[in-house]
Structures are given as structure tokens and as C-alpha cells.
Amino acid sequence: MNRRLLVVLALAGAVVIAVAAVLVAFAHDFQPFGRAEKLAQVATDGIWIVTGLIAWQRRPGSRVGPLMTAVGFVEVTQQLYWNAALPFTIAELVAFFAFPIWLHLFLAFPSGRLQTRFERSLVTSTYAAIVVFSVFSQLSWDPRSDPHSTDCPNCPRNLLLVHRYHGLWSALGTAGVFWFIAVLVTAAVLLIVHVRRSSGATRRALAPVVLAAAAAAVLLGAVLVASAMGVPTEGSPLLWLADAAFAAIPIAFLVGLLRMRLHRSAVADLVLELDSLASPAKLEGALARCLGDPSLQVAFWLPDAHRYVNADGDAFDPAMPGRALTVLEHDGTRLAALAYDAALVDEPELVEAVGATATLALENARLEAQLRAQLAEVRASRARIVAAGDAARRRLERDLHDGAQQRLLGIRLALRLARGRVSGGDAAIDELLAAADAEVVGALDELRTLARGIHPAILTEDGLAAALSVLARRAAVPVDLTVCRERLPAPVEATAYFVAAEALANVVKHAHASRVSIDVARSNGEVAIEVRDDGSGGADAGGPGLRGLRDRVEALDGRLRVESPATGGSRIRAAIPCG
Amino acid sequence: MPTTVLIVDDHAGFRGFARRLLEAGGFTVVGEADDGASALAAVETLQPEVVLLDIVLPDIDGFAVAERLAENGDERVVVLTSSRDSADFGQRLERTPARGFIHKDDLSGPALARLAADAP
């Protein structure tokens, strides 16, 4: 920051304001404004300069301060309007510049930077249009004989007048008004978009500005309506209120900026809070509060995987358009990155201070996030193993069906043909063929049972409900089956089927039950499978069969519960999430 | 009683035995096909009265072949067959336009003739 420049500008501002105030107080009569009104405007200009310089000093990296200061200087220059030729000419030359500077300031607040290419084009073209217009009008306008605006024979001379040509005013007049209104409406829309899109720090900074500007606009509208209706407004409370609202705008800008800075004291609070933080998510919340940006996200660096994860351990890329990024390191090792509202970017030192304060907590949180990421990886690989196992089972069932089973069937048909040929002949051969056929039938039955146990084809083709109804029909115990008809993801269907099949097999083998019920219901994003029997109970929940089922269910993030008291009756219940 | 039959199955061994078994049962086997697409083509050219159609085929399955034939307004007798139990196909067997299902274990000339003679 150039401190000397600020001091010079402060002195220049004081001088210009004082001169303007003296001129306004003691020089000419003003139309259509009263003297007090004019003095109020000078005071407002002074407020712009003072608040602008404070903003400049507090936020040296931002354009907000210089723009606010410029508004003050440009506006006050116009108060020198009536006096000598030089200030008059300068005032005329810069008179219209207040507009693009206001535009620039409103659209760039609070970051000091125009965010989109459209905004940059709008502001640049407005500056350019005002330069062209001001220069041409200044070279051709003679205030002493202007037929279109104030005919002002006593006005000072226009020092830049080259050739009197008042046609320019009329030519540009109407188009200029439309252009002005269009730019104004566009700017208002952009400002509304800013407020709607912004979050946290930006919104807190924008709020006072939008409030003050809206109040000023409403009051100015009221004054204009009153004037149009012939109500005298000069010296009226309404006019003073409007003046006060306009004077409040620069103060609102400064308050907005300072509200963003107030969070510096929050670093101290953070130090106290860090001790009691338990999780990466809580750390993220604490940092967000401290920097005043609820949208702040912490990306934890996993050095081995060479990627970032969020507080939950999910993959996360913190580099996003419109978001600022600060990478935090400790002893040259990357710990984490903070992604936050770009409006905070002018205070990188605050972000770094927060990062430095939180180093230890961040390291802990990073380790925890890393653990979560690894856990997620293990979970995913467990689910993949189950899915691969299912695929292998399906292939095996298909291979058995296509291979051995078809050959055995061929043998059966051949035996049937042979029996047809020898029927009525040798009884011993016929008997032998019948015995061979019975063997083949037995082999086929065993093969089918084996294949079905590996992976029933109907499960793939028709789903869980159909597969379970076949299972129930074949069971050696009567089964009451209640099952939802909708199709579920293949791994969920397969797991639910195997839970029911294994439980049912256990009942048949060990429980001596007279009835079994199987219920499959879907609710709250999970499928619950419950198998109950009225048998002898006492099933071993740690046995290999149930252990395998539990692994399978847990691989899908589900839970398996076995209740099998020695007093009798068993209940096996699995709950599996399914989207 | 219909006499001409087309055997559709992807196992050449099974087709061979089935041909001999059905011929012994009084049918004339006019052709064989080893997948769904060639079955549809063979029906077109050979015009068999009965199609013995395996359900599990390498391209489109037997249900789909039966549906295509029905869509074409073809009213010849289609009998599905499989080495799996009918229960393994659940409701698909109830929905199919095919005349009936015969387990491969139970395949014989008289069994096929009985199904073919049933009114649709």
C-alpha cells in the first residue's frame, strides 16, 4: 500500500471539499437546488472520499476503496460548476464519469473484481462510451448559447470548445437516455443475481449496500413524484431523508467491507474451539464460521493416493470456478486445501492465519478423513468381491446346465430310444436299460439341485419374488411367503435370496419346525428379509453358514441379526440398503 | 396328427437324439436350428407344422422366438422345451404365446403329439 498516496488524496479531498463548500455557501444561486441542499451534496461527496480512503487503507488489494474515493472526487468536482473557467471545464469534462464508476463499484463489490466477462464488457464499454461522449461534447458545447439545456449567459467559458455544434446533443439525446436506462436495468438485474447467488461472506457484505441503495432509490422516486405533482420539495423532510439515504450509501459500502473483516477476531475464538473438535466435519464447520463463509469446504490431501477427499472421505476436487483456493502446508507437507467464496480472496492473510491456527487439528482431521477414505475403499472392494462371486456363480450354473446336464439328457434320450428298439425282446437288457435310466435321472436331479444352490436361474430371469416362491414350493417344510414384487438391484436380490435359502436350509436340517415364514419388505430405502420358524431354536450364530451370510449382508452395508433362543423358535433378520 | 417338425436347440448332441426319438415316434423332422435367428429363418423356408423350441439359446431366447412368430400371425404349433424345471421360468411360461412346455426329460414322440393335438 502506498501510504503517501493516501495522505495526499486525503489532503486533496479535504481541500476540494472545503473549496466546494465555500463556493456553494457563498457564490451563486442555484436552480433547481437550494443552497442547503447543495451543501448536503458536498457533505455526501466528503463522506464518499473519507469512507473510500478508509476502505482503501483497510483493503489495499481491492479496487473498492479507490472506486469509492473516485466517486467522491468526481461528484465534488461538479460542485465547482459555476465559478471559474478552469474548474467549470474540468467539472463538465468529468460530470458523466460518476455513472460508470458507480456501475463499476456496485458490480465489483465486495471482492473489488468483476466476476464475469459480461460484467467486464459492460463496465468497460460504459467507461468508453462516457469518454467518447464527454470529449466530443466538451469540444463542441458552448454553455453560453446552448439552446437545448440551460441557457446560461453568465456561465464560465468552456476552455475546450473548438467548434460550436449543438446538434450533437439532440442527436445523442434520445438514444443516450435509452442506453442509460438499459445499462441501469442490466446493472440492477446483475446486482440481484449477485445477491441471490452469493453466500456467507459476500451476502453479509452486500446486505447493507443493497439496503441503503434501495432506500435511496425509493426516496428519490418519491421526491421526483412529488415534484411532478407540483408539491414543493425544497427543504422538505422528504428531501432531507433522501439526502440522508444517499449519504448512507458510502457508509454502507464501508460497513459491508468491515463486516467481512470483523471475522479476524474469530481466529481467536477458533483457537479455543479447536481443542474440543472431534471430527473433520466439525473442523470444517468451525473454519467456515471463523472465516464467515458457510460455503467453505475443506479438502484433505491423501499423499499416498495423491488426491483430495472431503470430510466424509469421498473423492473431492476443491478447484471450482468462482471459488478461491488456499493450500495449507505444514513443514513443507501438504495438509489440506480450503475452498471458499472468492469474495474472501482479498484477505489471503486471514485464511492463512486460520490455516496456521488449525494445523494440528487439520492434521488429525486429515488422518481421520484418510481413514474414512480407506474404509470406503475397503467397503467398495468388499461389495465388488461379492458381485464378482455372484457373477462366477451365475457362470458356473450356466456351465453345468450347458455342459454335463445336456450330455446326461442326451444319454437319457438315447436310453429311451434303445428301450423302444428292444421292447418285447430281451427282458434282461430292458431291465438293464431301465436301471441305467434311473441312474441318469438321479444324476440329473443331483446336478439340478447343485446348480440351483449355486445360483438359481430364475433369480436372474424373474427376480427375487419368483425365485423365493420356487424355493418355498420345494422346501420340505410349509412356508408362508410374503414378498414385495418389485425388482431390486442384482446384488441385493442375490443376497436376500441367499439369506432366505440358507435360513430355510438350516430350519429343514436342524430346527424340526412345523412352519416357516419368510417376509421380504421394502421400506425407507432398505429391504428387510425375515425368516421365522417355530422349531427348536439354539442356532449357532457364529457357525460358518450364518457367518458367511453376515459377511455377505455387511458387504452391502446391511445388518444381519440372529435370534435363536434355546427355548425354541428362531428369527433371522437382514436389512440391506437399496437406494 | 401334424407330422413335420423343426428342432431348435444349441446342443448338437441333443438335436441328434431328439431327431431320432421323434422320428421313431412318427414325426418327420424337416430341419434343425441352433439359435433363435436361424430358427426364425428355418420356419420361414421349411414351414414345419411343429417347432420344438429350446428356451435357453445363445442369441434371443425361446420366449422371444415364440413371441416373434406369434407377432407375425404365425399359427403353427410351438412347443417350448428345456432341461430346467418349468417352475424355474416362473410367470414367463404363463405369458408365452407358445402352445406348451415339455421338459427335456419327458421328450418323446407321443408326448409331443399330445401337446400338438391340444386345442390352442
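Just so it is clear: chains get the letters A, B, ... in the order the sequence lines come, proteins before strands, and each one is counted from 1. Reckoned from all heavy atoms, side chains included, excluding hydrogens, waters and symmetry mates.
Surrounding CD of A/Glu486 are more than 12 heavy atoms belonging to other residues, nucleotides or ligands, all under 6.0 Å away. Counting non-hydrogen atoms of neighbouring residues, nucleotides and ligands closer than 6.0 angstrom, the CD atom of B/Glu44 reaches no more than 12 such neighbours. Counting heavy atoms of neighbouring residues, nucleotides and ligands inside a 6.0 Å radius, atom CZ of A/Arg487 exceeds 12 of them. Heavy atoms of other residues, nucleotides or ligands lying less than 6.0 angstrom from CZ of B/Arg68 number 12 at most.
Taken from NE2 in A/His401 to NE2 in B/His11, the straight-line distance is 6.5 Å, to the nearest 0.5 Å. Between atom CG of residue A/Leu408 and atom NZ of residue B/Lys104 there is a gap of 12.5 Å, rounded to the nearest 0.5 Å.
When A/Leu413, A/Ile411, A/Leu409 are each tested for a side-chain contact (heavy atoms from CB on, under 4.5 Å) with B/Phe17, only one passes: A/Leu413. Put simply, the residue from A/Gln406, A/Arg448, A/Arg412 that forms a side chain to side chain donor-acceptor pair (under 3.5 Å) with B/Ser83 is A/Gln406.
There is no contact between A/Leu459 and chain B, counting heavy-atom distances below 4.5 Å. For A/Arg398, the part lying under 4.5 angstrom from a heavy atom of chain B is the side chain only.
Listed for the A/Arg416 side chain is a donor-acceptor partner under 3.5 Å among the backbone atoms of B/Leu107.
When each of B/Asp10, B/Asp105, B/Leu21 is checked for heavy-atom pairs under 4.5 Å with chain A, B/Asp105 comes out on top.
For A/Arg474 and B/Asp85, the salt-bridge test passes: some basic side-chain N is under 4.0 Å from an acidic carboxylate O.
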